[in-house]
Amino acid sequence: MRTILATITAFLLAGSLSAQTYTVFIHGKSDKNHNGVGTTDVNSYWGSSVNSVGGTRIFIGYDGTTDPRSYGSSRAQTNIATGLTNYCKGSNSCKIVCHSAGCYAIEYWLSNLGSTASAKGFNLTKVTALAAASGGSELANALNGITFGFGGNAMDKSLIVTTARGAFNHNNTAGVAVNHVPGYKGMIGASLILPGEDDYAVAYHSSCGYNRVGGLNKCQSSLTQYEGLWPFGSNKTYNQYSGHYRAPSVSSTGLYLDHGQIKTEGWR
C-alpha cells in the first residue's frame with residue numbers, strides 16, 4: 001500500500017513540476033522577417049521591453065510585411081497555431097502579449113478557432129493587447145489613398161480601417177479576455193490624420209477595442225459623446241467589443257506612451 005501511495009504521489013509531483021507558465025509575445029508591423037517560434041526574439045522586435053515580464057518567454061514571429069491574417073511559411077496564422085499548440089496545451093498555460101498588428105493576428109486566430117480556446121485544449125489566461133491595431137489605422141487609409149491603391153505592402157493594406165474591421169467577428173474572442181493598453185503620446189502629422197487620442201500609429205477606437213470608428217479620448221466599456229454642430233448634432237455611443245476590456249491597471253485616459261514605448265507594458 002505504501003509503495004502504491006508513493007508511486008501516485010511521485011507521479012502527481014512530476015506532473016506539477018513539468019507544468020510551465022509562459023508569456024507569449026506576438027509582434028506587429030515591421031520591415032523585417034522575425035520568423036520563428038521559440039525562446040528567441042528573432043531580429044529583436046521586442047528588444048529590452050520584454051524585461052518587464054518575468055518567467056519563461058516565447059516569441060512567435062513572422063514576416064512583418066505580410067498580412068497578419070495569412071497562412072504559410074513565415075506567416076502569422078501558421079506560426080501562431082504552431083506556437084500555441086506547442087507551448088499552451090496540456091499542463092502548460094500561456095498569457096499572450098501582442099503589439100499593434102500582432103493583436104490583429106491573435107484576435108483573428110481566436111475568432112476563427114471554431115470554439116472556445118479551452119474547449120480546443122488551449123490554456124490561455126488572457127491577452128494583453130498593447131496599442132492594438134485590430135481596428136485598423138487611418139494612416140493605412142491615407143497611404144492607400146495618396147498612392148491610389150498601389151502603395152504599401154500586404155500588412156499596410158490589411159490595416160485599412162474598413163478591411164481590418166470587416167476581416168473577422170471581433171466579438172468572438174474564443175472565451176479569452178482581451179485587455180487593452182492604449183497610449184496617447186501622439187505626433188504632429190500623424191495625429192492630424194488619426195481621430196481622437198492616438199499613439200501616432202493607431203487611434204483609441206482601435207487600441208481600446210471599440211465597435212465603431214470615432215474620435216475618442218477615453219478607454220472604457222461604453223462611451224457616449226455629442227458629435228456634430230449644435231443644434232444639429234446628436235449623441236453617439238461607442239461600446240467595446242464583447243470580450244474586450246481596458247486592462248485593469250490602466251485608467252480610462254490611457255498611458256502617455258507612444259506606439260513603440262508601449263511595448264514595455266507587457267506585464268499588465
Side-chain angles (χ1 to χ4, degrees), residues 28 68-69 95-113 115-118 124-141 158-184 186 191 193-199 201-230 232-257 259 262 265 268:
R69 302 167 294 174
K95 167 193 165 181
I96 296 170
V97 175
C98 61
H99 178 241
S100 192
C103 302
Y104 189 165
I106 185 59
E107 288 179 41
Y108 181 88
W109 186 85
L110 289 170
S111 178
N112 289 285
L113 195 54
S115 183
T116 63
S118 59
L124 308 177
T125 58
K126 66 178 177 179
V127 174
T128 296
L130 307 176
S134 38
S137 171
E138 284 73 14
L139 298 183
N141 290 27
S158 76
L159 290 169
I160 293 170
V161 173
T162 53
T163 300
R165 289 184 168 271
F168 60 97
N169 180 4
H170 294 256
N171 289 301
N172 183 2
T173 65
V176 180
V178 179
N179 293 337
H180 290 272
V181 182
Y184 64 90
S191 294
I193 298 171
L194 294 161
E197 293 291 5
D198 68 88
D199 60 15
V202 292
Y204 268 28
H205 73 77
S206 178
S207 60
C208 289
Y210 280 111
N211 63 355
R212 62 201 304 183
V213 178
L216 308 168
N217 62 2
K218 292 286 190 299
C219 186
Q220 53 199 42
S221 59
S222 182
L223 185 152
T224 300
Q225 59 187 26
Y226 187 87
E227 297 183 4
L229 296 174
W230 188 87
F232 306 106
S234 61
N235 284 329
K236 194 169 183 179
T237 298
Y238 300 82
N239 297 301
Q240 286 182 310
Y241 286 115
S242 209
H244 292 252
Y245 313 91
R246 184 183 74 243
S249 59
V250 177
S251 73
S252 63
T253 56
L255 303 176
Y256 185 59
L257 298 171
H259 197 68
I262 209 163
E265 302 300 305
R268 294 180 184 270

Here the pair of heavy atoms bringing Gly186 nearest to Ser191 is CA-OG, 3.5 Å
Please lay out, stage by stage, how Leu257 and Asp199 fare under the test side chain to side chain contact (heavy atoms under 4.5 Å, CB included).
-> CA-CA 7 Å; Leu257 298 171; Asp199 60 15; over 6 Å; no
Check salt bridge (Lys or Arg N to Asp or Glu O under 4.0 Å) between Arg246 and all other residues, then give those that pass, not counting sequence neighbours.
-> none
Leu139 pairs by side-chain contact (heavy atoms from CB on, under 4.5 Å) with which of Leu194, Asp198, Val202?
-> Leu194
Taken in chain and number order and not counting sequence neighbours, the residues that satisfy side chain to side chain contact (heavy atoms under 4.5 Å, CB included) with Ser222 are Thr237, Asn239
Derivation and outcome, side-chain hydrogen bond (donor to acceptor under 3.5 Å, both in side chains), residues His259 and Ser100 | CA-CA 8 Å; His259 197 68; Ser100 192; 2.9 Å; yes
Which distance, rounded to the nearest 0.5 Å, do you find between the CD of Gln240 and the NE2 of His170?
-> 13.5 Å
Which atom names give the shortest non-hydrogen contact between Val181 and Thr128, and what distance separates them?
-> CG2-CG2, 4.1 Å
With sequence neighbours left out, write down each residue that passes side-chain hydrogen bond (donor to acceptor under 3.5 Å, both in side chains) with Tyr238, or none if nothing qualifies.
-> Glu227
Does Ala132 have any side chain to side chain contact (heavy atoms under 4.5 Å, CB included) partners at least two apart in sequence or in another chain, and if so, which?
-> Cys103, Glu107, Ala129, Ser134, His180
Walk me through it: do Leu110 and Val127 pass the test side chain to side chain contact (heavy atoms under 4.5 Å, CB included)?
-> CA-CA 11 Å; Leu110 289 170; Val127 174; 4.2 Å; yes
Ser158: partners by side chain to side chain contact (heavy atoms under 4.5 Å, CB included), with sequence neighbours left out | Asp67, Pro68, Arg69, Tyr104, Met155
For Leu216 against Gln225, the heavy-atom pair lying closest together | CD2-NE2, 3.6 Å
Return yes if some donor-acceptor pair links the side-chain N/O of His205 with the main-chain N/O of Gly196 below 3.5 Å, else return no.
-> no
Does anything in residues 206-218 pair up under side-chain hydrogen bond (donor to acceptor under 3.5 Å, both in side chains), and if so which pairs, sequence neighbours excluded?
-> none
Closest non-hydrogen atom pair, Leu159 against Ala133 | CD2-O, 3.7 Å
Heavy-atom closest pair (Leu124 atom, Ala117 atom, distance to 0.1 Å) is CD1-CB, 4.0 Å
side-chain hydrogen bond (donor to acceptor under 3.5 Å, both in side chains) filter on Ser251, not counting sequence neighbours, yields Thr253
Got a sec, which residues hit side chain to side chain contact (heavy atoms under 4.5 Å, CB included) with Ser111, two or more places apart in sequence or on another chain?
-> Phe168, Asn169, Asn172
For Ser249, what residues pass the side-chain hydrogen bond (donor to acceptor under 3.5 Å, both in side chains) criterion, not counting sequence neighbours?
-> Arg268
Go through the structure and list residues passing ring-ring contact (aromatic ring centres under 6.0 Å, His included) with Tyr256, not counting sequence neighbours.
-> Tyr184
Tell me, please, which residues at least two apart from Ser242 pass side-chain hydrogen bond (donor to acceptor under 3.5 Å, both in side chains).
-> none
State, to 0.1 Å, how close Ala247 and Asn179 come at their nearest heavy-atom pair, and which atoms those are.
-> CA-CB, 3.9 Å
